[in-house]
Amino acid sequence: MPELPEVETVVRGLGPLLLGRRLLRVEARRPDLRWPLPADLGVRLSGARVQALARRGKFGLLSTDRGDTLIFHLGMSGRIRVSPGSPHPHDHVLFAVEGGTVLAFHDPRRFGAMDIARTDALGRHRWLAPLGPEPLDPALAPDHLARAAAGRVLAIKSLLMDQRVLAGIGNIYAAEALFRARIAPARAAGRVAARRLIALQAALADVLAESIAAGGSSLRDHARVSGELGTYQLGFRVYGRQGKPCPACGRALRLSVIGGRSSVHCTACQR
DNA sequence: ATGTCCACCTGCTGGC
DNA sequence: TGCCAGCAGGTGGACA
């Protein structure tokens with residue numbers, strides 16, 4: 001899925017299509033994704049004008065002039081695509097926009113989710129309230145991660161992917177940031193030196209920013225709203241490259257399982 | 001509290 | 001060529 005850079009790319013792609021425009025008709029074609037869709041989804045969004053688009057962690061946020069915000073998560077396989085003709089299978093929610101555009105929330109595995117909250121109470125929503133800070137927030141304390149890691153026995157990679165610690169990091173960017181910071185992903189978080197965690201947090205911001213600039217990573221499912229693919233997968237140094245040479249030292253990269261997620265790292269460079 | 005494991009769902013791929 | 005086990009960008013809940 002879509003991790004932070006992919007969701008950011010999707011949200012940016014929606015701007016020109018939606019900002020200031022009215023949603024003529026919003027229609028759910030099934031009652032649920034991962035969880036039930038709000039029963040009043042269509043009623044609350046149809047006829048409303050889109051005022052703002054934003055991202056928080058891996059959630060996209062679409063706010064209307066009625067004081068509502070649609071919160072959406074793309075799960076593992078979610079995409080939003082311009083849907084010119086009749087809906088494809090797995091186009092679960094359709095948005096007909098003033099001006100003729102039709103957008104489809106497309107999600108074969110249905111791990112995605114949607115909800116609607118009042119915009120003035122967004123921060124209290126159960127999906128958003130637990131989220132940690134944004135890793136690209138310029139105001140983020142450089143030692144935020146170092147503080148979160150103190151005393152933790154959990155693998156540093158699992159800690160990075162905990163949305164309560166930092167919002168938006170998933171399996172790809174955790175692996176890439178750990179490689180850049182030369183930290184072994186299975187190392188207990190509390191046993192990584194603070195200065196190395198500060199470097200890790202900086203490496204993470206670099207990787208995320210580079211990926212956003214490339215339109216995110218397109219593996220199986222991610223694409224921009226336009227259908228154009230992101231290209232950051234071409235820049236992966238370790239993710240998905242098990243058995244291939246480490247870009248730094250040439251040794252074969254190793255695959256392991258950490259916290260139930262596959263992980264790739266260099267046993268020589270990462271300690 | 002903390003950490004680990006599993007289920008949820010569909011589609012694709014690599015090995016036979 | 002065809003079949004199918006295994007795996008995929010996430011995450012909440014059950015359990016030790």
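These numbers come from the heavy atoms of this one structure, side chains and all, not from hydrogens, waters or symmetry mates. Keep in mind that what you see is a predicted model, and the values were worked out from it rather than measured. Proteins come first, then strands; the chains are lettered A, B, ... in the order of their sequence lines, and each starts at number 1.
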### Task
Under 3.5 Å for both distances, Watson-Crick or G-U wobble, that's the pair rule; now give the dot-bracket for DNA chain C, with | marking pairs to another strand and [ ] for crossing ones.
.|||||||.|||||||
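- Across B:dG11 and C:dT1, the matching P atoms stand 23 Å from one another, rounded to whole Å.
- Residue A:G260 is out of contact with every strand shown, counting any heavy-atom pair closer than 4.0 Å.
- Applying the 4.0 Å criterion to OP1 and OP2 of C:dG10, one finds that A:R261 has a side-chain N or O inside that range.
- Nucleotides B:dC9 and C:dC3 have their P atoms positioned 25 Å apart, rounded to a whole Å.
- Distance from the side chain of A:Q163 is smallest to C:dT11 among B:dG3, C:dA8, C:dT11.
- Using a 4.0 Å heavy-atom criterion, one finds that A:R152 contacts the sugar-phosphate atoms exclusively.
- With contacts defined as side-chain heavy-atom distances shorter than 4.5 Å, the pair A:I183/A:Q270 does not qualify.
- Counted by atom type alone, A:S256 and A:S263 present zero donor-acceptor pairs between their side chains at under 3.5 Å.
- The side chain of A:R110 contributes no N or O atom lying less than 4.0 Å from OP1 or OP2 of B:dC8.
- The residue A:S262 sits close only to the backbone: its heavy atoms come under 4.0 Å of sugar-phosphate atoms, none of a base.
- When the nucleotides C:dG10, B:dT10, B:dG3 are ranked by their closest atom to the side chain of A:H90, B:dT10 comes out on top.
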